[in-house]
Amino acid sequence: MAAVSATCIRFGTSVELPVRANNQIIGKSSSLVSFGWGKTGGFPCIRTSRLQICAAKPETVEKVSDIVRKQLALSPETQLTPQTKFTELGADSLDTVEIVMGLEEEFDISVEEENSENITTIQEAADLIDKLVDKKA
Amino acid sequence: MALKLNAINFQSPKCPSFALPPVASLRSPKFFMASTLRSGSKEVETVKKPFGPPREVHIQVTHSMPPQKIEIFKSMEDWAETNILVHLKPVEKCWQPQDFLPDPASDGFQDQIKELRERAKEIPDDYFVVLVGDMITEEALPTYQTMLNTLDGVRDETGASPTSWAIWNRAWTAEENRHGDLLNKYLYLCGRVDMKQIEKTIQYLIGSGMDPRTENNPYLGFIYTSFQERATFISHGNTARLARDHGDLKLAQICGTIASDEKRHETAYTKIVEKLFEIDPDGTVLAFADMMRKKISMPAHLMYDGRDDNLFDHFSAVAQRLGVYTAKDYADILEHLVGRWKVENLTGLSAEGQKAQDYVCGLASRIRRLEERAQGRAKQAPRVRFSWIYDREVQL
């Protein structure tokens, strides 16, 4: 269950956050790919009462994995865990956007910009998808 | 870790500095126009005043071409003399800015200026924003001459080196120099724009320089310039067309003349890369894929006017909306170059080379698909003030 709470923590810089370097604001940051030192903070899932609902349905995770496999042309032997970052699988920023587009098509949802930047792993994608699908229902 | 850091592209936030919702985004056309890269930078910085011009944030890689390949360019010098220098125009045959501007020695000088200003009055602000952005780009020529002279094997070692490559670098610079001069004088005379703000922007831009990520590597360098010359040809061609639509035939001639220079330069640079594909297909296709993965960044992406932290994004958004230079153009240029260099037909490539070939050949359609989606979802963009036009507002 540690995996569940981990997935509720969204990494990625908020678009509005000023970025400082040497005490000087050089601009605002928005990372395409949440990776390493680019993060300036984590945003814990505030909806504590929904902590359990943060875990996506296994079928969703499965479908997402298929889409990722196809987009990145992964060999069948490649191990995919829900926590694997797309970048670790060799995805560049173009791949990530296309993965999100593929998910939109597969699940008939629309992913807002702010959310799409937070999709860096299969788990994060699946969580967001279930949330959006539930909202539609 | 360093390797992975190089691979990260941070996209600039597409919010105007006064925090309106994002204008462009991952899925918007601007994604591929690799604009200002800004983020918390790990690079060592000297203490600067706040709110200064943007800085390149990727780690700057140097001399990535293996030194033995410098020989290739030495051995190409005779070929370059016969095949590349021929695309330069002798100075005596060249147009000069004065050919397109009111003649100070003539009695009709002041009337000519008056007419120029009458015509300019009919041209809308958004067009001028784009023309100014283009002019500022041209005026940052010192940066581009510098960039050519960073390339191993083809640089001008002394400033007056007699090698074909050095002759090309200097003569190319000399031809380009007229572009900025002409546009500068036109904009000065037209009375529609704030010259001081524009001049400030130019000073900032030359001070900022640019790193197109060509890594002192002439393979990367000439692929970059091939792409850029075609991009400027398209862009100036479009400003020419729009000027004509607005009834200013003289301005149309100005832009069209500049465009034809760019076309000639494109021909030269693409010929060099064609030769490189002949000599070293594997190395060249790898270089092509590398530049496309890193995205071709626009020369003026670090532009700053002392007021707008997202100046380049705003300028590009207007250029996109007016159809002067768009994401579709980016994809078209890529597709053109893939065809021009017959990348699909390359054989005898290494495994890495084939991957690069596949990537490059498939990329244009991926970009187009993304662009279609983005256009379908495009929300109403905000209006933004540009200091170049006295803080008047323009629709992004």
Side-chain angles (χ1 to χ4, degrees), chain A residues 11-41 70-75 85-105 109-120, chain B residues 1-2 4-5 7-17 19 21-28 31-32 34 36-55 57 292-295 304 309-310 355 358-359 362-363 366-367 369-370 372-374 376-377 379:
Chain A
F11 287 103
T13 55
S14 142
V15 171
E16 306 292 327
L17 203 64
V19 175
R20 292 178 183 280
N22 288 1
N23 285 326
Q24 149 224 337
I25 298 174
I26 61 170
K28 302 196 172 89
S29 144
S30 153
S31 53
L32 269 179
V33 174
S34 305
F35 193 91
W37 52 264
K39 306 171 200 164
T40 60
K70 202 164 133 232
Q71 172 67 33
L72 302 179
L74 300 174
S75 67
K85 286 195 175 295
F86 300 147
T87 47
E88 286 164 17
L89 299 168
D92 63 16
S93 47
L94 180 50
D95 290 312
T96 310
V97 174
E98 288 172 330
I99 286 172
V100 171
M101 269 168 51
L103 298 175
E104 287 181 324
E105 278 166 16
I109 50 176
S110 184
V111 178
E112 291 307 308
E113 262 346 289
E114 314 82 65
N115 292 331
S116 74
E117 281 155 18
N118 292 336
I119 299 180
T120 66
Chain B
M1 200 54 189
K4 287 189 180 172
L5 282 173
I8 295 172
N9 280 321
F10 285 90
Q11 199 74 9
S12 79
K14 306 304 187 207
C15 315
S17 30
V23 172
S25 62
L26 287 181
R27 254 85 68 68
S28 89
F31 178 84
F32 296 99
T36 314
L37 302 176
R38 243 177 288 180
S39 172
S41 170
K42 263 256 164 107
E43 286 136 45
V44 174
E45 293 152 15
T46 52
V47 175
K48 261 171 84 273
K49 291 192 271 290
F51 303 109
R55 230 168 306 124
V57 293
M292 294 321 299
R293 277 190 204 281
K294 295 190 292 213
K295 300 188 195 79
Y304 182 62
D309 281 341
N310 295 287
K355 271 199 225 152
D358 290 340
Y359 176 76
L363 186 56
R366 289 167 79 187
I367 294 175
R369 197 170 145 244
L370 229 72
E372 273 169 32
R373 295 279 298 233
R377 305 158 69 113
K379 303 188 192 109

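Below, chains carry the letters A, B, ... as their sequence lines are ordered, and counting in each starts from 1. The analysis underlying the following values was restricted to heavy atoms, covering all of them including side chains, and did not include hydrogens, waters or symmetry mates.
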Partners meeting side chain to side chain contact (heavy atoms under 4.5 Å, CB included) with A:E105 (sequence neighbours left out):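 B:R369, B:R373.
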Distance (rounded to the nearest 0.5 Å) between A:D92 CG and B:M292 CE: 11.5 Å
Nearest heavy atoms of B:R377 and A:V111, plus distance in Å: NH2-O, 3.1 Å
Residues forming a side-chain hydrogen bond (donor to acceptor under 3.5 Å, both in side chains) with B:K355, sequence neighbours excluded: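 B:K355 satisfies side-chain hydrogen bond (donor to acceptor under 3.5 Å, both in side chains) with B:E352 only.
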B:R366 and A:D95 ion-paired at < 4.0 Å: yes
